[in-house]
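Everything on this sheet refers to the single structure shown next.
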Amino acid sequence: MPNEDKQPATADSFDVIVIGGGPAGYPAAIRAAQNKLSVACIDEWKNHDGSAAFGGTCLNAGCIPSKALLESSELFHRVQEEFATHGIKVSGTTLDLAQMQKRKSGIVRTMTQGILALFKAAGVTPLQGHGKLLAGRKVEFTAHDGKRRLLSAKQVVLASGSAPIELRSAPFKSPEIVDSWGALEFESVPKRLAVIGAGVIGLELGSVWRRLGSEVVMLEALPEFLAIADQQLAKEALRHFKKQGLDIRLGAKVTGATPGTGGVQVTYEDAKGVQQLTVDRVVVAVGRRPFTQDLLAADSGVQLDERGFIKVDDTCRTGVEGVWAIGDCVRGPMLAHKGKEEGVMVADLIAGLYGETNYKVIPSVIYTAPEIAWVGLTEEQVKASGRAYKVGVFPFLASGRARAMEQAAGFAKVVAARDDDEILGVHIVGPLAGELIAEAVLAMEYSASTEDLQRTIHAHPTLAEAVHEAALAADKRAIDSINR
Ligand code: FAD
Ligand code: AMP
């Protein structure tokens, strides 16, 4: 829609209505407003205390609160396990979980209220309540107080997000069996905790409570650890997690969880047969499903695929003229930054500008210690493609900065094509891997070769030198480690 097409918004009509104010929807709304379109963003999120807030899963119950608790729990762990090595004696360290949770909630509140400030500055109309797409780009809005309005828009963006998958064998019916949001709100440290699913979310939550003192058993149905990641990376990470006392049981499929007076009895099946385990709390972290409940009127024309995702093409068009869908409710990785990029793309395309999401270069980060991050293809994927490749690995043990930080676990790994030297994937397990991966993302966005990275000066001593040296190692030209 060209800018000159913009019509002044009446109370009930907008150029763009975004349904969903999470990390996909709110950036779409802001960018559309930056593109001089009149925009409303509808969001129905309510916190456990009944307060409404923008920001969706990510800000209220996902990325942000989990990272706040990961940071606090890691500090608690390091004070006890690492400070003495630095020559710092601390005695009588105790945990004030209420304060830790209060800090987390404060961060969440500030960030979610920040979205309202951003909306105000950009000129986005915030509407808190439920949005439903009707035929002809009409939207029925039901405010939290029950009042209804019929809105219309030239373009509608659906960004309704996702919800945790519930296991029939361990339903969320008792307070002891919780989803990831529940696991971020514990008011006391469970003595024995079972985490079902050793994926990204399960590993982060398991780490938080292990560091704070829980005995954590992680039950993962798949026989491989972190099957989605490069397996050299996964093996290294598993070694460290086991050392930290995370009891990760692979090939363990949970078939039941029954709360009783002595705790929750969890039943699972592994290669040896049926096993049982008694714990105080259970976190179910077996993945998320697209959330589209009461989002679409029967005649809206928008279609879902067989797994419940809203069907879209590469540029997030649904097939209904002027209706788009972005974020966790559409195909692709369920990541905040993927949704954000789609939101920006759609808002630019609506304004007649250029917009694209590069699905080949989306970074993944797991905020454990050591941190895990990757972008592009794993070595296994490149091997399976049949393309000749080379690999460079640099261990953080050889990094002066990592040593100085007392965090020399892990490595950086670059996988590149043998023919034209293009970087195909970068995999990092180690300190601040999630920050380090940004360089690799940028390099791959520009189709860089290992030579490009090799010839780029990296400050010394920094963790980023590990990526530089891994690129050099791909040609057996690393300086600070032995080339094998
Ligand atoms: P959501 O964030 O789910 O937002 C959708 C919003 O739309 C919600 O507010 C919902 O209430 C609202 N809504 C839905 N339907 C309607 C309707 N009909 N009317 C009005 N409003 C509606 N991702 C990362 O990239 N990094 C991380 O570190 C990370 N950590 C995570 C940790 C945890 C514990 C969890 C659970 C998730 C984590 N994620 C992380 C995933 C991330 O939270 C999601 O990918 C992201 O929130 C998806 O954004 P979204 O906008 O598509 O959906
Ligand atoms: P993610 O998709 O990264 O959130 O990870 C979810 C993990 O949960 C996957 O690795 C699944 O294999 C695992 N999972 C799913 N169902 C079960 C189950 N019944 N018991 C144990 N693990 C499961």
Side-chain angles (χ1 to χ4, degrees), residues 22-24 26-27 45 47-48 53-79 95-115 161-162 164 178-186 189 193 195 197-212 214 216 226 229 237 240-241 244 246 283 285 288 327-328 333-341 362-375 405 407 410 428-438 441 463:
Y26 87 76
W45 186 275
N47 284 307
H48 287 148
F54 277 91
T57 306
C58 177
L59 275 83
N60 291 290
C63 326
I64 301 305
S66 62
K67 265 79 259 179
L69 289 187
L70 279 157
E71 193 65 33
S72 298
S73 60
E74 177 64 3
L75 288 179
F76 182 64
H77 173 78
R78 291 178 69 189
V79 166
L95 174 67
D96 181 351
L97 183 59
Q99 167 57 24
M100 203 176 271
Q101 292 287 24
K102 195 172 147 201
R103 186 189 88 98
K104 176 207 75 182
S105 305
I107 294 165
V108 167
R109 215 174 14 259
T110 310
M111 301 287 295
T112 55
Q113 284 171 358
I115 295 178
S162 61
V178 299
D179 63 12
S180 54
W181 193 8
L184 290 167
E185 311 231 312
F186 287 161
V189 178
L193 178 69
V195 178
V200 177
I201 294 174
L203 281 168
E204 291 186 356
L205 293 171
S207 295
V208 166
W209 295 107
R210 173 73 201 125
R211 293 166 188 170
L212 298 181
S214 294
V216 177
L226 276 183
H240 290 288
F241 296 154
Q244 290 160 17
L246 280 176
V283 180
R288 299 179 63 82
D328 279 12
M334 287 185 166
L335 292 170
H337 43 282
K338 173 264 194 183
K340 180 181 189 182
E341 209 49 42
I362 299 177
S364 296
V365 183
I366 311 179
Y367 296 81
T368 43
E371 227 163 79
I372 300 171
W374 70 89
V375 60
M405 292 166 70
Q407 290 186 49
I428 306 173
V429 50
L432 295 176
E435 302 296 329
L436 297 180
I437 204 68
V441 177
L463 296 173

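Computation of the quantities below employed the complete heavy-atom set of this structure, encompassing side-chain atoms and omitting hydrogens, waters and symmetry-equivalent molecules. In this chain, numbering begins with 1 at the start of the sequence shown. All figures in this text were calculated on a predicted structure; none of them were measured in a lab.
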Original post:
If every non-hydrogen atom of A24 is compared with every non-hydrogen atom of P27, which pair is closest and at what distance?
Top reply: O-CD, 3.4 Å
**OP:** Quick one: pull up OG in S105 and CG in N60 and give me the separation to the nearest 0.5 Å.
**Re:** 10.5 Å
Subject >> Heavy-atom closest contact (C63 atom, A336 atom, distance) >> reply: SG-CB, 4.0 Å
Subject >> Qualifying residues under ring-ring contact (aromatic ring centres under 6.0 Å, His included), relative to F186, sequence neighbours excluded >> reply: W209
Original post:
Is there side-chain contact between F76 and V208, with at least one heavy-atom pair below 4.5 Å?
Top reply: no
Subject >> Contacts of K102 that satisfy salt bridge (Lys or Arg N to Asp or Glu O under 4.0 Å) - sequence neighbours left out >> reply: none
Original post:
Can you tell if the side chain of R78 reaches within under 4.5 Å of the side chain of Q407, non-hydrogen atoms only?
Top reply: yes
**OP:** List the atom of K338, the atom of P333, and the distance in Å for their closest heavy-atom pair.
**Re:** CD-O, 3.4 Å
Subject >> Flag side-chain contact, heavy atom, 4.5 Å: L463 against M405 >> reply: yes
Original post:
Does a side-chain heavy-atom distance below 4.5 Å link V108 with L59?
Top reply: no
Original post:
Where do A183 and L205 come nearest, in terms of heavy atoms and distance?
Top reply: CB-CD1, 4.0 Å
**OP:** Taking the side chain as every heavy atom from C-beta outward, state whether I107 and K67 have any atom pair closer than 4.5 Å.
**Re:** no
Subject >> E74 CD to E371 CD distance, which is reported to the nearest 0.5 Å >> reply: 9.5 Å
**OP:** Using a 4.5 Å cut-off on heavy atoms from C-beta on, say whether the side chain of L70 contacts that of S207.
**Re:** yes
Subject >> Closest approach of A61 to L184 (non-hydrogen atoms, all atoms of both residues) >> reply: O-CD1, 3.3 Å
Original post:
Listed by chain and number, what are the side-chain contact (heavy atoms from CB on, under 4.5 Å) partners of R288, not counting sequence neighbours?
Top reply: T57, S162, P164, S180, I201, D328, M334
Original post:
Is there a side-chain contact between Q101 and L69 (heavy atoms, below 4.5 Å)?
Top reply: yes
Subject >> Partner residues of K104 under the salt bridge (Lys or Arg N to Asp or Glu O under 4.0 Å) criterion, sequence neighbours left out >> reply: E185
Subject >> Point-to-point distance, once rounded to the nearest 0.5 Å, from OG1 of T368 to CZ of R211 >> reply: 7.5 Å
Subject >> Straight-line distance of M100 CE to L75 CG, nearest 0.5 Å >> reply: 8.0 Å
Subject >> Residues which pass ring-ring contact (aromatic ring centres under 6.0 Å, His included) with W45, listed by chain and number, not counting sequence neighbours >> reply: W181
**OP:** Name all residues meeting the ring-ring contact (aromatic ring centres under 6.0 Å, His included) criterion together with F54; count only those two or more places apart in sequence or in a different chain, and write none if there are none.
**Re:** F119
Subject >> Residue pair L97 / L212: nearest heavy atoms and the distance that separates them >> reply: CD1-CD1, 4.1 Å
Subject >> Note, L203 side chain near L226 side chain (heavy atom, < 4.5 Å) >> reply: yes
